[in-house]
Amino acid sequence: MTMEMLNELIDASIRGTLLGISASFWIFGIVAIWKWFFGVTKRFVLWLFHNLGKKKSESEE
């Protein structure tokens with residue numbers, strides 16, 4: 001194993017690690033944005049149709 005091959009192996013492992021870390025941050029960010037968006041949408045639909053959130057026992061009384 002030459003020094004050049006060893007340097008390429010180290011470089012590839014560093015690039016893979018940085019790519020994995022940045023990809024995981026992107027995925028967590030996208031999941032957080034979608035979770036927020038669906039929460040806002042759910043609150044808007046419940047505000048628009050406020051009877052959807054009530055239970056049957058409350059509507060019978």
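Below, each value reflects all heavy atoms present in this structure, side chains not excepted, and no hydrogens, waters or symmetry copies. Only a predicted model underlies this, so the values are computations on that prediction, with no experimental measurement involved.
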* **Separation between CG of Leu19 and CD1 of Ile14, rounded to the nearest 0.5 Å** => 13.5 Å
* **Ring geometry between Phe37 and Trp34 (parallel below 30°, tilted from 30 to 60°, perpendicular above 60°)** => perpendicular
* Identify whether Ile27 and Phe25 are in the same connected component of the hydrophobic contact network (ILVMFWY, side-chain heavy atoms under 4.5 Å). => no
* Asked: Among the clusters formed by ILVMFWY side chains lying less than 4.5 Å apart, do Val31 and Phe28 turn up in the same one?
  -> no
* hydrophobic_cluster_shared for Phe44 and Leu46, side chain cutoff 4.5 Å -> yes
* To do: State, to 0.1 Å, how close Ile10 and Ser13 come at their nearest heavy-atom pair, and which atoms those are.
  => O-OG, 2.8 Å
* Find the distance between CD (Glu8) and CE (Met3) and round it off to the nearest 0.5 Å. => 12.5 Å
* Asked: Out of curiosity, Trp26 CH2 to Ile30 CD1, how far, rounded to the nearest 0.5 Å?
  -> 6.5 Å
